[in-house]
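What follows is one structure encoded as structure tokens, with my remarks underneath.
All heavy atoms count here, side chains included; hydrogens, waters and symmetry mates do not. Every chain is numbered from 1, with letters handed out A, B, ... down the list of sequences.
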Amino acid sequence: MKLYNTLTKKVEQIKPQHPPVVTIYTCGPTVYDYPHIGNWFTFLRYDLLVRTLRANAYEPKWVMNITDVGHLVSDADEGEDKLEKGARREHKTAWEVAEYYSSYFINGLARLNIMQPNMLPKATHHIKEQIELILRLEAKGYTYQIEDGIYFDTSKFPRYGDFAQLDIDELQAGARVEVNPEKRNPTDFALWKFSPKDSKRDMEWPSPWGTGFPGWHIECSAMSMKYLGETLDVHSGGIDHIPVHHTNEIAQSEAVTGKRFANYWMHTNHITISGEKIAKSAGNGLTLEDIEAKGYDLEVFRLLVLESHYRTQSTFSWEAMEAAANRLQDLRAMAVLRWQPQHGISDYGTFSFEDVPQEIGRLMSEDLNSPAALAFLSQVSTQLSTVLVGANGLDHFILMLRKIDELLGLKLSDIGDITPEQKQLIAKREESRLAKDWASADRVRQELLKQGVGVRDTPYGPIWFPERLQ
RNA sequence: GGCGCCUUGGCGGAGUAGCUACGCAGCGGUCUGCAAAACCGCGUACACGGGUGCAAAUCCCGUAGGUGCCUCCA
């Protein structure tokens, strides 16, 4: 399987260190507010990575952290802790805020049918590991202390700017923010921050240097190494993390171990709404609830995510959601053929049922080309709606649906049968049609439509399909 | 101001040298009692200007527009 590697700027064949296991570390959410659909885009894309690895007979070992402390309003280690800020906003403690949004997030993964990570470690549960890592850095001479904390001296790590192709001097020249004048280099970052002397934080811990809390970056190194070892197979995250967060992770991790931190870096691009990026400050941070309020299943949202490639900046709009909803209806109409074997289903034309998931897997294995996989699936769906031969292919058809779901997570094989009453209505309509009682037949069709069941008449008899209820 | 990226038909969106995906919407047709269903067909898309190649949407240079990061942020 191939994946674009930010480290080498090339699409590469994945070679895990200890096949079939593939270790994956993903930068998870900072749990201080509701995630917006842009956040969910990225998590759906990591899900595709894990599903595709599994389809390739790998065993992904996936760790996603939950940042519940220390992520400051500015990545440059300035400003407030987001958790503390969220606490003030909601008149709760930082602990309560973290708990609430962690649960919400984990629940959201399930709602979106995202594969459950093997572990979802929290930063606050790994303070000891973070302190130990800072001690090791200190022992190697990478740290220094100033008034507000312990910092990593990036000038001691010569490859610092390589990963993000940063020109450090240019960054300095172009910087628009004031850097802490005590820092030795503008790119230096906090490993441990001291609690302010005049106030008490909700979250703070003792450390060899004084009471305080860990810097944002150190948690990822500490937890990934604890659970997945010193060198990861794959590290994934949002494209915005390349210049600061991941650059810092690499610096502090490789400074400690002397080994490469991750062999493959996967970065997901962002989505825009009306040509603008999603940002809380822009007020366009739609949530899953907003999608459901418009009457769309979350599978529709997943299909929309699949329709674009993870490395291109893509667009969200309600028009696009509508298109995705129509497309999903087609796929569902194909899936429910399994409940209508009297019409017969079997292998056909260009592809056998066995070939279909294989082809989808092949396309996904080419740097997660989900748009191509969907294009293929749409062709299959179109052909299947007209080719109906014999009932002996039913088992293979159901297996095909399951395998497609394993790859794409669209839950096509989960769609159940209609009720016996609804089947009776369809039979009743057939009787009316035979009697040429069109008024009665149309009345029944209307009744079924209200229940979300559409019927189309074919040479093989009536075939029902899930109709969108709006 | 610095450093990147992008520009494909009405919309979304793949493809990255040679048979011009796919979906949505639209139009025309077939089937049908009818059909909102299904199927078939259509619109001659690759920002603009140069260049390299037998061949460019695909490579190179330039122009225009957009956008990302350097603040928040996936």
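- Residues A/Thr42 and A/Thr268 have side chains that never bring a donor and an acceptor to within less than 3.5 angstrom of each other.
- No cation-pi contact links A/Lys183 to A/Tyr151, judged by a cut-off of 6.0 Å to the six-membered ring centre and 45° from its axis.
- Taking atom P on both nucleotides, B/A25 is separated from B/U67 by 29 Å, rounded to a whole Å.
- In this structure, the CG atom of A/Leu109 is 13 Å from the C1' atom of B/A74, given to the nearest Å.
- Nucleotide B/G33 has no partner under the Watson-Crick or G-U criteria, as no pair reaches both atom distances under 3.5 Å.
- Among the protein residues, A/Arg332 comes within range of no part of the nucleic acid, since none of its heavy atoms lies under 4.0 Å from any strand.
- The base of B/G68 does not come close enough to the side chain of A/Asp240 for any donor and acceptor atom to sit less than 3.5 Å apart.
- Applying the Watson-Crick and G-U wobble criteria (two distances, each under 3.5 Å), B/A47 pairs with B/U63.
- Looking at A/His241, A/His246, A/Arg311, A/Arg45 one by one, the single match for side chain to side chain donor-acceptor pair (under 3.5 Å) with A/His267 turns out to be A/His246.
- Base pairing of B/A25 is not made with any nucleotide, judged by Watson-Crick or G-U wobble geometry with both donor-acceptor distances under 3.5 Å.
- Considering only side-chain atoms of A/Trp438, the nucleotide from B/A38, B/A74, B/G33 that sits closest is B/G33.
- If you measure from atom CD of A/Gln329 to atom C1' of B/A37, you get 9 Å, rounded to the nearest angstrom.
- Rounded to whole Å, the P atom of B/C5 lies 22 Å from the corresponding atom of B/G9.
- The 12-atom threshold is exceeded at NZ of A/Lys9, counting heavy atoms of other residues, nucleotides or ligands nearer than 6.0 Å.
- Within 4.0 Å of A/Ile271, counting heavy atoms only, lies at least one base atom of the nucleic acid.
- Taking the P atoms as reference points, B/U63 lies 15 Å from B/C3, given to the whole Å.
- The base of B/C5 has none of its N or O atoms less than 3.5 Å from a complementary donor or acceptor on the side chain of A/Asn269.
- Distance CZ (A/Arg468) to P (B/A37): 13 Å, rounded to an integer number of Å.
- Of the nucleotides present, B/C3 is the one that pairs with B/G68 by Watson-Crick or G-U wobble criteria, both distances under 3.5 Å.
- Atom NZ of A/Lys428 sits in a sparse spot, with 12 or fewer heavy atoms from other residues, nucleotides or ligands closer than 6.0 Å.
- Nucleotides B/C31 and B/C22 place their C1' atoms 25 Å apart, quoted to the nearest Å.
- The CD1-P distance, from A/Ile463 to B/C39, rounds to 11 Å in whole Å.
- Rounded to the nearest Å, the gap between the C1' atom of B/U58 and that of B/G53 is 13 Å.
- Nucleotide B/A14: unpaired (no Watson-Crick or G-U wobble partner with both distances less than 3.5 Å).
- With its glycosidic angle within 90° of 0, B/G53 adopts the syn conformation.
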Item to complete: Indicate for each nucleotide in nucleotides 9-23 of chain B, in 5' to 3' sequence, whether protein heavy atoms under 4.0 Å reach the base (B), only the sugar-phosphate (S), or nothing (-).
Response: ---SSSS-----BSS
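- At a cut-off of 3.5 Å, with distance as the only test, no side-chain donor of A/Tyr101 or A/Asp68 sits close to an acceptor on the other residue.
- For A/Arg429, the side chain to side chain donor-acceptor pair (under 3.5 Å) partners are A/Asp457, not counting sequence neighbours.
- Straight-line distance from the NZ atom of A/Lys9 to the P atom of B/G4: 12 Å, rounded to whole Å.
- Summarising the geometry, the separation between CE on A/Met334 and P on B/C39 is reported as 12 Å, rounded to the nearest angstrom.
- Comparing the same atom, P, in B/A56 and in B/U20 gives a spacing of 15 Å after rounding to whole Å.
- Taking atom CG on A/Asp47 and atom P on B/A74, their separation rounds to 18 Å, with Å as the unit.
- If you measure from atom CZ of A/Arg433 to atom P of B/G33, you get 7 Å, rounded to the nearest angstrom.
- Within 4.0 Å (heavy atoms only), A/Gly38 reaches at least one base atom of the nucleic acid.
- Taking atom P in both B/G66 and B/C42, one finds a spacing of 37 Å when rounded to whole Å.
- Separating the C1' atom of B/G43 from that of B/G26 is a span of 10 Å, rounded to the nearest Å.
- Checking A/Thr26 against A/Ser236 by side-chain atom types alone, a donor-acceptor pair falls below 3.5 Å.
- When only modelled atom types and interatomic distance are considered, A/Gln451 and A/Glu447 share a side-chain donor-acceptor pair under 3.5 Å.
- With hydrogens and angles ignored, a donor-acceptor pair closer than 3.5 Å exists between the side chain of A/Arg445 and the base of B/C34.
- The side chain of A/Tyr46 approaches B/A74 more closely than any other nucleotide in the set B/G33, B/A74, B/A35.
- Of all heavy-atom pairs between A/Tyr25 and A/Ser224, the closest is CD1-CB, 3.4 Å.
- Note on A/Phe43: nothing from the nucleic acid sits closer than 4.0 angstrom, heavy atoms only.
- Projected onto RNA chain B by closest heavy-atom contact, A/Lys436 and A/Leu449 fall at different nucleotides, the more 5' of which corresponds to A/Lys436.
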